[in-house]
Amino acid sequence: MSVSAEFGAGGAAAVVLWLLAFGLVLLATRNGTVQAGPATQELGDSPEPPAVVSLLANGWRSTAHAAESTLLDLAARGHLELRQAGENPADTTVHLTDNAPTVLRPYEHRVLARVTAQAGTDGAPIGAVAFRAAKQAATWNRLLRREIVAEARQRGLSRPRIGSALGTTLMAAAVVPAVLFGLALLTIGGSHGIRAGLLAGAVTFIVLVFLLATAVTERATPAGLDRAGHWAGVRQWLEAHESFTQLPPAAVTVWERYLAYGAALDVTVRVNQLLDFGTGNRRRVWSGYGGTWREVRIRYPRVWPGYGATNRGLLQRALAAAVVSGGLALFAELRQQSWTDGGGTLGTGHAVLALGWMVLAWLGIALAGRFSRLTAGLVFFAGAFANGALGDRIGDRALDGSGPLLGEWVAIGVFAAVAGFYLALAVLDSRPGVTITGEVLRIESRYNEKWPNFLAVDDGSADRTVAWALPGPPSGFATGSTVRLTVTPSTRRVRVVQVLALGADYKAQQREPNSTIS
Amino acid sequence: MDTMGVVVGAVGAVIAIVVVGLVWTVVRSYNRLIRLRNQTRASWAQIDVQLKRRHDLIPNLVETAAEYAAHERGTFEAVTTARGAAASPDLGTAERAEAENALSSTLARLLVTAESYPELKASQTFLRLQSELAGAEDKIAYARQFYNAAVQSYNTAQESFPGNLVAGLSEHARQEYFEAGAESRESVQVRFR
C-alpha cells in the first residue's frame, strides 16, 4: 500500500471514529422523555413565563409562539391592551396603556419595544407587529430565543446540549481526519497535490464541524422535564376546551394569562394565526403611512412585458422582435420548390437558410420568454410544429412562391406588434419620470433572478399597489423608510430613489448588521 | 352478469356506503358528546376543588377576625351560615352557584368590616388568610370560566345536527352554567374601539 493510500485509510478510520464518538455524545445528551402530568388548570404558584413555557413545550428545540405569547402576557398584566373593533378578530388593535412596567425580562422588553415602535401612542393593528423584512425578522427572533434560553438556564430548566469543553474536544478531534485526508492527497505530489490536499483537509474539517454545530442546542434538565410534564398537563386541559382553542386575541381581557399560556402551548389556534412576529404576509401589509393604518394589498407582477427594463433594453427587444418578424417574412418569400431534394425534405444546399430560420425561431422563443415562461413554451411548440411541417414534409402550398402561410402571417404579425409595443414603451420611457413619495412596505427578490428587486411602496393614495422594479440592491434604505421615487409607470422601473426618512427598520439593521447568535 | 344484476349490485353498494356513512356519523357524534360531557364533569371537579379550598379557609378567617372584632357577631354568623348552605351536598348547579355567590357577598361584608379594625388589618394571620382567599377567588373565577366554556360546547353539540339526534337517543341533557354573582360580572371590563 502506498503512503498516500495509507494516509487515506487512516483518514477514513479517523472519520469513522469521530462519527462514533459524536454519535455516543448525541446518545448520552439526548433529551429525556417528558411524562405528561394529569390534565389540570393549575398553572402553579410561580409559573414560568409563557415564553419559557414555549421552549419547554417545543422540546427545547424552538421557541415558536414565544413572542406572541409574551405579547398576550403583557396584555394580561395590563401593560398592553388588545381591542377588537368588530366581529372579525383580525380587526384587533394593540395599544399601550398607562400601566408602564417597571421591571421587564429582556425578551419581554424586546416584544414591548417592537409593539411600541409600531403602535406608538395611537395603537396599531395586531398584524402590523409582523416584520416586513425576512432578515430582520430572523435576527430579532434569534435574539429573542437567546434571551429566553438564558432565562430557562437561570431557572435550571435548560442547559447546553454539548458543553464548551466537550465541544472544543470534538472540534479538535475533527482536525485529525482532516489532516490525514490532506496528507493523502499531498503525498501524491505536484502543485495539484498541494491544492487538493488543502482542499480535502478543509472540506473534511468543515463537514465535521457543521455536524457538530447542528448539535449545539439546548437540552432539558431533570427539573425542566418535570415542568414540561406539568405544562403538558395544562396543554391537555386547555385543548379539551374546544371553545378555548378558537378564542380571539382580545379574549385576553377575560382569560388573562391562560390565553398567553394557550398561545405558548400552541393550543389557541386562532390567536396563533393572527399574531405573528415573523415576516407576515408579503401580499397584505399593514401600513400607517398617511396617519391611518390600512392593509395594503401588493401585487408582484409575474407577467408584465418590459417590467423593469431600461430604455436600451426595450429598444433591443423591439429590434429583436422586428428581426424575427422580418426574417420570417423574408424566409417565406425566398423559399421555392428547388429547395427540396425531390423527396420532400430540404436539400443540403439550402440548409444554411433553414439554419437562419432556426435562429429566428430561437430568437422568437427568447423574446417570448421575456413575457413569461408560458409564452416561451407556446412559441417553442409552435416553432417545433412549424419546423416539423416545413422540414420533414414541405407541402406544395409552402413552396409555390405565394408567400407566407396563414400561421406564418400570424407569427409575423405578432412579432411585429411586439416590436411596436416595445418601441412604444421605449418612447414612453424616454419621457421625464413620475415622482411618488411613500413608505417602503416590502423589498422582495424577483423569482430566482438577483435583480431587479420588487419594491412595494405605499404612497397613501390607495389600498392596492403594484410593486416597482428596483434595478439594484436597496442602498441606504430599508422597509419602513420614507422614499421619493422617480419612476416610469409603463415599465414600473425605478429610476431614482431619494431617501427622506430612514425608518426604524433601517436603524435596527445598522445596529444589528450581522447577528451570529446560536 | 346481466343488466339487472349490475343494477342491483350498484344499488346495494350505494346503500352500503350510505349505511356505513350514517353509522360513522352517529358514532362520531356520540363519542364527541361523551368527550364533551366528560370535560364538563372534569371542569366541575376543578370548581369543586377550588370551592372546597375556599370553604376550608373560612373558619380560620372568621376565628381570626372574631379575636379582634368580637362585636361583629352578626357578620360572622352570616358567613358561617352561608358557608354551611354552600357546602350542602344536595345542591344542583344553579343552587350551588347561588349559595356560593351568597357566601361571596357575606365574605365581602366581612372584609369591609375588617377595615374598621386596625389591629385586625395588621394581623399577619388575617392578612395571610385574606391573601389565600383572594387567590382562591381568582382560581374559582377561572374554573368557572372553564366550566362554562365546557358547558357551552356540550350544549351546542347537543343542539346542533346530528348531535341533537344522537343526544335524543342517548342519555344526554343540557347542563346549567355556573353563573357568576353580580360583583363578579361587574369586574370584567371589555373595551372596544
Side-chain angles (χ1 to χ4, degrees), chain A residues 38-47 75-76 78 80-89 91-95 97-99 119 122-126 233-234 236-262 267-268 292-293, chain B residues 28-29 31-53 128 131-132 134-160 163 175 177-178 180 184-193:
Chain A
T40 178
Q41 72 166 66
E42 292 282 350
L43 301 179
D45 290 333
S46 56
L80 295 174
E81 189 179 5
L82 293 168
R83 303 177 196 164
Q84 185 175 322
E87 292 283 316
N88 188 356
D91 294 339
T92 304
T93 52
V94 59
H95 304 258
T97 64
D98 297 332
N99 181 17
D122 299 328
I126 51 169
V234 174
Q236 277 182 32
W237 176 261
L238 297 177
E239 267 181 337
H241 287 82
E242 288 184 1
S243 55
F244 185 83
T245 62
Q246 295 301 322
L247 288 173
V252 71
T253 312
V254 177
W255 288 93
E256 299 179 351
R257 294 194 88 186
Y258 275 102
L259 199 69
Y261 285 108
V267 174
T268 50
T292 305
W293 282 99
Chain B
R28 195 162 169 269
S29 296
N31 286 344
R32 181 161 183 264
L33 284 171
I34 294 293
R35 183 165 50 79
L36 292 174
R37 187 175 65 187
N38 288 344
Q39 192 57 34
T40 60
R41 288 174 179 171
S43 300
W44 177 256
Q46 289 280 339
I47 290 187
D48 210 32
V49 166
Q50 306 303 339
L51 290 176
K52 279 184 179 142
R53 186 180 291 175
R128 181 179 56 77
S131 170
E132 285 182 26
E137 296 279 3
D138 278 350
K139 286 177 179 172
I140 289 167
Y142 287 123
R144 182 165 50 221
Q145 281 181 211
F146 279 117
Y147 173 75
N148 287 339
V151 168
Q152 186 188 26
S153 297
Y154 182 47
N155 289 347
T156 305
Q158 286 184 68
E159 291 164 5
S160 310
Q175 297 286 310
Y177 290 100
F178 193 91
S184 302
R185 281 199 206 104
E186 284 166 8
S187 66
V188 178
Q189 292 180 350
V190 186
R191 186 155 65 90
F192 295 108
R193 189 169 57 175

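It should be emphasised that the depicted structure is a prediction, and the values quoted were computed from it without experimental measurement. Chain letters run A, B, ... following the sequence lines, proteins first, then strands; residues in each count from 1.
Among the residues in residues 134-141 of chain B, those with a non-hydrogen atom closer than 4.5 angstrom to a non-hydrogen atom of chain A are K139(B).
A search for side-chain contact (heavy atoms from CB on, under 4.5 Å) contacts involving N38(B) returns I34(B), R41(B), not counting sequence neighbours. Among residues two or more places apart in sequence or in another chain, the salt bridge (charged side-chain N to carboxylate O under 4.0 Å, His left out) test is passed with R257(A) by D73(A). Applying the salt bridge (charged side-chain N to carboxylate O under 4.0 Å, His left out) test to E242(A) and every residue at least two apart in sequence or in another chain returns R32(B), R35(B).
Minimum heavy-atom separation, S43(B) to W237(A): CA-CH2, 3.5 Å.
At most 12 non-hydrogen atoms from other residues, nucleotides or ligands lie less than 6.0 angstrom from CG of D98(A).
Proximity of Y147(B) to H241(A): side-chain heavy atoms (C-beta onward) are nowhere separated by under 4.5 Å. Y258(A) is not listed as a side-chain neighbour of Q145(B), based on a closest heavy-atom distance of 4.5 Å or more.
A tilted orientation is assigned to the rings of F146(B) and F244(A), their planes being inclined by 30° to 60°.
With a 4.5 angstrom heavy-atom cutoff, T92(A) does not touch chain B via any of its atoms. Neither the backbone nor the side chain of T156(B) has a heavy atom closer than 4.5 Å to any heavy atom of chain A.
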